[in-house]
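The structure under discussion appears below in the form of structure tokens.
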Amino acid sequence: MGTRRISVTVDGVAYSDDVEPRTLLVHYLRERLGKTGTVVGCDTSNCGACTVHLDGRSVKSCSVLAVQVDGSDVTTIEGLAQNGELHPVQQAFHENHGLQCGYCTPGMIMQSVDLLKDNPDPSDEEIREGLEGNLCRCTGYQNIVKSVKAAAKAGSVSAAGVAGGAA
Ligand code: FES
Ligand code: FES
């Protein structure tokens, strides 16, 4: 009773679903769509573990209602890899040990991708600032900053690659 129909594209697939007005986006993604790569790390909207992209910008999916994404495009950590290849930011976290327990990682990566979009060559300080809303209880952030820097470097390389016609 009282549900609303939403149409939303998630990780490139169109969905039409009836949701309750109070359903949070994170619960819709996890429970209805099975997108369990997006995780819940707090109940106070401050850990950032649930970060996804909404129309290309990062948002904490625990602070958005499912009805609010009607007509939008959502990307989760599960939609970041393309054609079986890790996204450069995923690859960089992997190579630079940007994670330990991995719980914060999906959100950290989604936030980092957004950050690099605005600032393709961030300083350590800018990375720390950009990731302020994402908490990591394990790494001390050192390797996370290193990972984002490496991704920034790889990004400029792959941009050159694309310009040169490489796949
Ligand atoms: Fe969304 Fe913590 S679960 S900010
Ligand atoms: Fe464990 Fe960040 S790697 S919380």
Side-chain angles (χ1 to χ4, degrees), residues 4 6 8-11 13 15 17 19-81 86-119 122-155:
R4 270 190 42 199
I6 58 166
V8 57
T9 301
V10 181
D11 296 338
V13 178
Y15 298 89
D17 277 311
V19 297
E20 288 188 23
R22 62 188 175 141
T23 300
L24 295 172
L25 176 59
V26 68
H27 292 140
Y28 172 70
L29 293 171
R30 289 177 55 84
E31 287 153 28
R32 188 72 72 90
L33 304 189
K35 300 268 177 194
T36 51
T38 301
V39 295
V40 178
C42 72
D43 54 15
T44 50
S45 295
N46 69 11
C47 78
C50 63
T51 303
V52 299
H53 293 171
L54 175 56
D55 293 327
R57 302 314 319 213
S58 59
V59 294
K60 293 178 174 177
S61 62
C62 72
S63 63
V64 176
L65 294 168
V67 290
Q68 290 176 286
V69 306
D70 186 25
S72 297
D73 198 80
V74 174
T75 305
T76 77
I77 188 72
E78 297 180 40
L80 214 51
L86 289 181
H87 185 281
V89 177
Q90 288 175 309
Q91 187 68 34
F93 270 70
H94 176 64
E95 285 170 6
N96 294 278
H97 309 287
L99 59 142
Q100 285 179 28
C101 81
Y103 205 81
C104 69
T105 314
M108 234 11 129
I109 288 178
M110 296 311 281
Q111 184 65 24
S112 301
V113 171
D114 194 27
L115 180 141
L116 289 171
K117 217 183 281 173
D118 285 340
N119 185 353
S123 66
D124 286 21
E125 205 185 341
E126 286 168 336
I127 294 171
R128 284 177 188 273
E129 245 167 55
L131 297 178
E132 231 165 37
N134 292 69
L135 305 182
C136 177
R137 292 175 178 85
C138 306
T139 64
Y141 300 94
Q142 204 61 41
N143 285 351
I144 290 178
V145 172
K146 203 171 140 200
S147 301
V148 177
K149 285 215 121 158
K153 230 184 211 162

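This is a predicted model, so every value here is computed, not measured. Index from 1, following the sequence. When a ligand or atom number is given, it counts from 1 through the structure's own listing order.
Angle SG(Cys101) to atom 1 (Fe) of ligand 2 to SG(Cys138): 100° [nearest 10 degrees].
With hydrogens and angles disregarded, no donor-acceptor distance shorter than 3.5 Å links the side chain of Ser61 to the backbone of Leu25. Of the possible donor and acceptor atoms, one in the side chain of Asp11 sits under 3.5 Å from a partner among the backbone N and O of Thr76. In this structure a side-chain-to-backbone donor-acceptor pair under 3.5 Å is present from Asp114 to Ser58. With hydrogens and angles disregarded, a donor-acceptor distance shorter than 3.5 Å links the side chain of Arg30 to the backbone of Thr36. Not one N or O on the side chain of Gln100 forms a donor-acceptor pair closer than 3.5 Å with the backbone of Arg137.
The residue from Thr51, Leu54, Val52 that alone fulfils the side-chain contact (heavy atoms from CB on, under 4.5 Å) condition with Lys60 is Thr51.
With 2.8 Å as the limit, Cys136 does not count as an N, O or S neighbour of atom 1 (Fe) of ligand 2. Within the coordination shell of atom 1 (Fe) of ligand 1, defined by N, O or S atoms under 2.8 Å, Cys50 is present. At a cut-off of 2.8 Å, Cys104 does not coordinate atom 1 (Fe) of ligand 2 through any N, O or S atom. For atom 1 (Fe) of ligand 1, the set of nearby N, O or S atoms under 2.8 Å includes one belonging to Cys62.
Listed by number with element, the atoms of ligand 1 under 4.0 Å from a non-hydrogen atom of Asn46 are 4 (S). Interface of Gly48 with ligand 1, defined as ligand atoms under 4.0 Å from a residue heavy atom, comprises 2 (Fe), 4 (S). Interface of Gly102 with ligand 2, defined as ligand atoms under 4.0 Å from a residue heavy atom, comprises 1 (Fe), 3 (S). Interface of Gly41 with ligand 1, defined as ligand atoms under 4.0 Å from a residue heavy atom, comprises 3 (S). Against a heavy-atom cut-off of under 4.0 Å, Cys47 is close to the following atoms of ligand 1: 2 (Fe), 3 (S), 4 (S).
Considering only heavy atoms from C-beta on, Cys104 stays 4.5 Å or farther from Leu135 through its side chain.
Counting only heavy atoms of the protein, atom 4 (S) of ligand 2 lies nearest to Arg137 N, 3.3 Å. Nearest to atom 3 (S) of ligand 2 among the protein's heavy atoms is Gln100 N, 3.2 Å.
Atom CG in Leu131 sits 9.0 Å away from atom OH in Tyr141 (nearest 0.5 Å).
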